[in-house]
Amino acid sequence: MKILLQVGIVGLGMVVGSAAFAQDWAASCGREPKAPTVNVSNVTNYNSSVEHFTAYDKAARAYYNCVAKISSAKQTAISQKAKADMEPYQKATTEIRARLASNLTKMQTELKAGGKKLGAKPKK
């Protein structure tokens, strides 16, 4: 059910899908800071808006750094698991390629020797 829900959310748009996905693992960073409203109607409101902006900037950077750190750790774990999952397939493919190449080389050598022994003219 969760997969179907995520697919539905992604279908609505990447921003909605990303936000819903991020809630699962970004929660440990606390709540995302809410952007303040800028009011430049007079000097007092402007100065207040500058203070709110500065506070928001600091909180937003701290929140993002936390989210990025967790995201990086999760991506690394996913990559390591994927690498471990792929390893047996890569090993088997490498072994098969080596075995086939060895068989072909051996057979080619035997055919050349046999052809030479039987008087076959070498191919140009």
Side-chain angles (χ1 to χ4, degrees):
M1 182 66 170
K2 186 174 184 179
I3 293 172
L4 294 175
L5 179 61
Q6 285 178 341
V7 170
I9 291 171
V10 171
L12 295 175
M14 287 305 292
V15 174
V16 173
S18 297
F21 175 75
Q23 289 175 359
D24 288 345
W25 52 269
S28 61
C29 294
R31 291 183 167 265
E32 181 175 334
K34 185 176 179 188
T37 302
V38 173
N39 183 343
V40 294
S41 61
N42 59 47
V43 173
T44 303
N45 288 336
Y46 172 82
N47 288 337
S48 178
S49 291
V50 169
E51 288 176 20
H52 288 114
F53 168 82
T54 302
Y56 174 73
D57 180 53
K58 183 179 178 180
R61 288 173 189 267
Y63 180 76
Y64 176 77
N65 287 337
C66 177
V67 169
K69 181 179 176 183
I70 291 171
S71 174
S72 179
K74 290 210 175 270
Q75 290 177 57
T76 298
I78 290 167
S79 293
Q80 289 173 344
K81 182 182 181 318
K83 183 179 177 186
D85 289 349
M86 290 186 302
E87 191 173 333
Y89 297 100
Q90 291 172 331
K91 182 179 178 187
T93 307
T94 300
E95 289 172 357
I96 290 168
R97 181 181 60 228
R99 188 169 50 249
L100 293 173
S102 174
N103 290 342
L104 289 167
T105 300
K106 179 182 175 198
M107 291 169 63
Q108 186 178 33
T109 301
E110 290 173 356
L111 287 170
K112 280 184 181 179
K116 190 175 187 180
K117 178 181 175 182
L118 297 173
K121 294 183 182 180
K123 291 185 178 181
K124 294 182 183 181

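The structure displayed is predicted, hence computed values, not measured ones.
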Side-chain donor-acceptor pair present, Gln75, Ser71, cut-off under 3.5 Å
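Checked: Gln75/Ser71 side chains pair up, N/O donor to acceptor below 3.5 Å.
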
Test item: [X] side-chain N/O and [Y] main-chain N/O as donor-acceptor pair under 3.5 Å:
X: Asp57; Y: Phe53; result: no
X: Thr105; Y: Ala101; result: yes
X: Ser49; Y: Asn45; result: yes
X: Ser48; Y: Thr44; result: no

Between [atom1] on residue [X] and [atom2] on residue [Y], distance to nearest 0.5 Å:
X: Leu111; Y: Leu104; atom1: CG; atom2: CG; value: 10.5 Å
X: His52; Y: Lys34; atom1: NE2; atom2: NZ; value: 12.0 Å
X: Lys81; Y: Met86; atom1: NZ; atom2: CE; value: 11.0 Å
X: Met107; Y: Thr109; atom1: CE; atom2: OG1; value: 11.0 Å

Note, Glu110 side chain near Lys106 side chain (heavy atom, < 4.5 Å)
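Side chain of Glu110 against side chain of Lys106, heavy atoms only: contact under 4.5 Å found.
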
So, using side-chain hydrogen bond (donor to acceptor under 3.5 Å, both in side chains) as the criterion, who are the partners of Thr54 when residues are at least two apart?
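Not a single residue meets the side-chain hydrogen bond (donor to acceptor under 3.5 Å, both in side chains) criterion with Thr54.
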
Mark yes when over 12 heavy atoms from residues, nucleotides or ligands other than Tyr63 sit less than 6.0 Å from its OH; otherwise mark no.
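Yes, enclosed.
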
Count the heavy atoms of every other residue, nucleotide or ligand shown that sit under 6.0 Å from CD of Glu87, and state whether that count exceeds 12.
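Check fails, neighbour count at 12 or below.
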
At their closest point, which heavy atom of Cys29 faces which heavy atom of Val67, and how far apart are they?
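Nearest pair, atom of Cys29 first, then Val67: SG-N, 3.4 Å.
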
